[in-house]
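Written out below as structure tokens is the structure these notes cover.
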Amino acid sequence: MIDPVLLRENPDVIRASQVARGSDPSFVDVALDADAARRAALAQFEELRAEQNVFSKKVGQAQGDEKKALLAEVAQLAAKVKEANAAANAADEAYTEAARKIQNPIIDGIPAGGEDNFVTLREVGTIPTFDFEPKDHLELGESLGAIDMARGTKVSGARFYFLRGIGARLELALMNLALDRALEAGFIPLITPTLVRPDIMQGTGFLGEHSDEIYYLPADDLYLTGTSEVALAGYHSDEIIDLAEGPLRYAGWSTCYRREAGSSGKDTRGIIRVHQFNKLEMFVYTLPEEAEAEHDRLVAWQEGMLQSLGLSYRVIDVAAGDLGSSAARKFDIEAWVPTQGAFRELTSTSNCTTYQSRRLETRYRTESGKTAPVATLNGTLATTRWLVAILETHQQADGSVIVPEALRPYLGGLSVITPVGV
RNA sequence: GGAGACGUCGCAUAGUUCGGCCUAGUGCACCACCCUGCUAAGGUGGAGUCCUCGUAAGGGGACCGCGGGUUCAAAUCCCGCCGUCUCCGCCA
């Protein structure tokens with residue numbers, strides 16, 4: 001939800017943001033009109049209600065004929081109040097609807113344009129080269145006994161898989177490494193619910209543009225979350241939180257469920273794009289003026305992970321048109337996937353400024369004692385997809401894979417994964 | 001799934017019988033000041049959230065789990081929903 005004060009006082013900023021995103025700037029004017037109408041309707045209702053309150057008090061004290069007279073007088077007023085109340089409610093809803101169509105104003109200076117207009121901030125690591133024909137992650141995963149796609153499909157359908165043996169262990173090792181890093185940085189670990197109620201799904205903004213992507217259980221009126229961000233954002237909804245001791249940083253682990261409805265035919269091979277995977281997500285509640293610095297810290301923690309795993313990657317500043325509606329800026333980190341000859345997204349971190357917290361009503365107390373919306377940020381610290389880059393990057397000619405040193409302590413010191421007997 | 005009880009301004013509670021005396025009382029915690037010399041107690045005052053009008057001082061309105069209804073008037077009566085607790089049933 002956008003800041004209504006910004007809308008009223010500085011609509012041009014929002015218009016410019018809408019244009020940069022490739023969205024419709026006319027929503028701004030619709031919302032402005034709706035805001036004015038809403039306030040007028042509210043004022044009218046409140047005036048009538050005040051009048052009615054005065055009368056009601058008198059009626060309560062009056063007796064006999066005087067009471068009768070007052071009741072006659074006030075009867076019409078009651079009808080008017082009811083009408084004005086309905087009008088004010090309708091106007092308020094109209095405003096909310098209009099305001100929700102406006103996306104979070106982008107942070108000044110981020111690239112304009114769509115998916116292909118990102119700016120590469122830096123490339124880190126050397127792109128691996130092989131003096132043999134590298135295998136892709138699925139071929140490796142199958143020969144290592146780590147990924148079983150066929151049985152995943154048998155049991156659950158396309159885009160489902162089993163991680164088995166070293167594959168299962170590797171994923172747990174990765175998650176544990178990420179969790180330890182998060183703990184070092186002061187994050188509070190959370191294992192989150194993956195089924196949430198409609199109001200939380202709505203509040204986090206996922207029911208809008210992502211609604212096709214979401215699994216829904218009609219018998220229970222619950223949604224399966226595609227990321228623990230949903231539960232983490234809902235965690236402090238409707239609360240006034242204390243930021244005096246610094247930001248609240250949570251590391252949420254959960255399984256994530258995605259329908260991948262719009263991506264048929266894309267990434268059908270292997271575990272790059274699947275209906276179910278695991279993720280450790282960072283989520284931060286902080287002061288609005290701290291948000292950009294925190295955003296940089298989140299990227300730094302992500303880069304720390306990728307570097308420890310010996311992956312080659314680039315950090316991109318995602319263009320305005322490719323942002324979700326809640327994000328004011330987004331950095332993706334993409335790792336080199338050798339058999340694709342391309343960088344593929346492994347992490348994503350968004351600065352949602354106060355947009356998300358306004359919807360969910362998460363506030364803090366300013367020094368003057370007033371409440372104000374907090375800023376929220378989120379970012380990936382590890383997901384199942386990372387196994388793709390790890391396996392492919394560290395493969396050797398004989399089909400074995402070298403375990404990155406950072407993961408070895410979590411695998412009982414194992415340094416090389418070798419193919420299982422075929 | 002069945003039966004019952006309950007949901008009040010940070011926490012704990014009063015108020016719901018019989019609608020208006022509730023501008024929602026009290027205790028704890030909190031803030032300021034006073035008193036007092038001592039790991040404390042006491043006194044006085046203040047303080048909720050949200051919207052809105054106003055340069056301001058200061059007004060007005062909404063909020064007693066959520067949403068409707070009855071009424072001149074709802075914390076209080078009626079309906080629906082959500083949640084919590086207890087007992088029973090079922091159960092990976």
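Reminder, nothing fancy here: chain letters follow the sequence lines and each chain counts from 1.
- Residue A:Arg8 is classed as a sugar-phosphate contact, given heavy-atom separations below 4.0 Å to backbone atoms only.
- Looking only at distances, a side-chain donor or acceptor of A:Arg385 sits under 3.5 Å from a matching main-chain atom of A:Ile272.
- Across all strands shown, nothing is found opposite B:A75 as a Watson-Crick or G-U wobble partner with both distances under 3.5 Å.
- On the P atoms, B:G1 is 15 Å away from B:C90, given to the nearest whole Å.
- Base pairing of B:C38: no nucleotide in any strand meets the Watson-Crick or G-U wobble criterion (both distances under 3.5 Å).
- In this structure B:U13 sits in a base pair with B:G25, meeting the Watson-Crick or G-U test at under 3.5 Å.
- Within 4.0 Å of A:Lys82, counting heavy atoms only, lie sugar-phosphate atoms of the nucleic acid but no base atom.
- Residue-environment remark: CD (A:Gln76) stays at or below the threshold of 12 foreign heavy atoms within 6.0 Å.
- For A:Arg159 (side chain) and A:Arg273 (main-chain N/O), a donor-acceptor pair under 3.5 Å exists by modelled atom type.
- Between the P atoms of B:U13 and B:U86, the separation comes to 15 Å (whole Å).
- Protein chain A contacts RNA chain B from B:G20 to B:G83, reading 5' to 3' and using non-hydrogen atoms of the protein with a distance under 4.0 Å.
- The nucleotide B:G4 finds its pairing partner in B:C85, both defining distances of the Watson-Crick or G-U wobble pair being shorter than 3.5 Å.
- Looking only at distances, no side-chain donor or acceptor of A:Glu260 sits under 3.5 Å from a matching main-chain atom of A:His275.
- B:G10 and B:G20: their P atoms are spaced 24 Å apart (whole Å).
- The number of heavy atoms from other shown groups lying within 6.0 Å of CZ (A:Arg151) does not exceed 12.
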Inset, instruction - Apply the test ring pair (Phe, Tyr, Trp, His ring centres under 6.0 Å) to residues A:Phe283 and A:Tyr250: give CA-CA distance (whole Å), side-chain angles for both, the deciding distance (0.1 Å), then the verdict. - result: CA-CA 5 Å; A:Phe283 194 94; A:Tyr250 295 103; 7.8 Å; no

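- Using a 4.0 Å heavy-atom criterion, one finds that A:Asp92 contacts no nucleic acid atom at all.
- Taking the P atoms as reference points, B:C9 lies 15 Å from B:C63, given to the whole Å.
- A:Pro189 pairs by the side chain to side chain contact (heavy atoms under 4.5 Å, CB included) definition with A:Leu179, A:Leu183, not counting sequence neighbours.
- As the counterpart of B:C63, B:G48 is assigned, both hydrogen-bonding distances of the Watson-Crick or G-U wobble pattern falling under 3.5 Å.
- The C1' atoms of B:G4 and B:G15 are separated by 23 Å, rounded to the nearest whole Å.
- For the C1' atoms, the distance from B:G2 to B:A75 is 31 Å, rounded to whole Å.
- Contacts of A:Ala50 with the nucleic acid, taken as non-hydrogen atoms under 4.0 Å apart, involve only primed sugar atoms and P, OP1 or OP2.
- Looking at heavy-atom distances under 4.0 Å, A:Glu47 makes no contact with the nucleic acid at all.
- Nucleotides B:C66 and B:A56 are separated by 38 Å at their C1' atoms, to the nearest Å.
- Counting non-hydrogen atoms of other residues, nucleotides and ligands closer than 6.0 Å to CD of A:Glu292 gives a total of 12 or fewer.
- Using C1' as the reference atom, B:U23 and B:C64 are 15 Å apart when rounded to the nearest Å.
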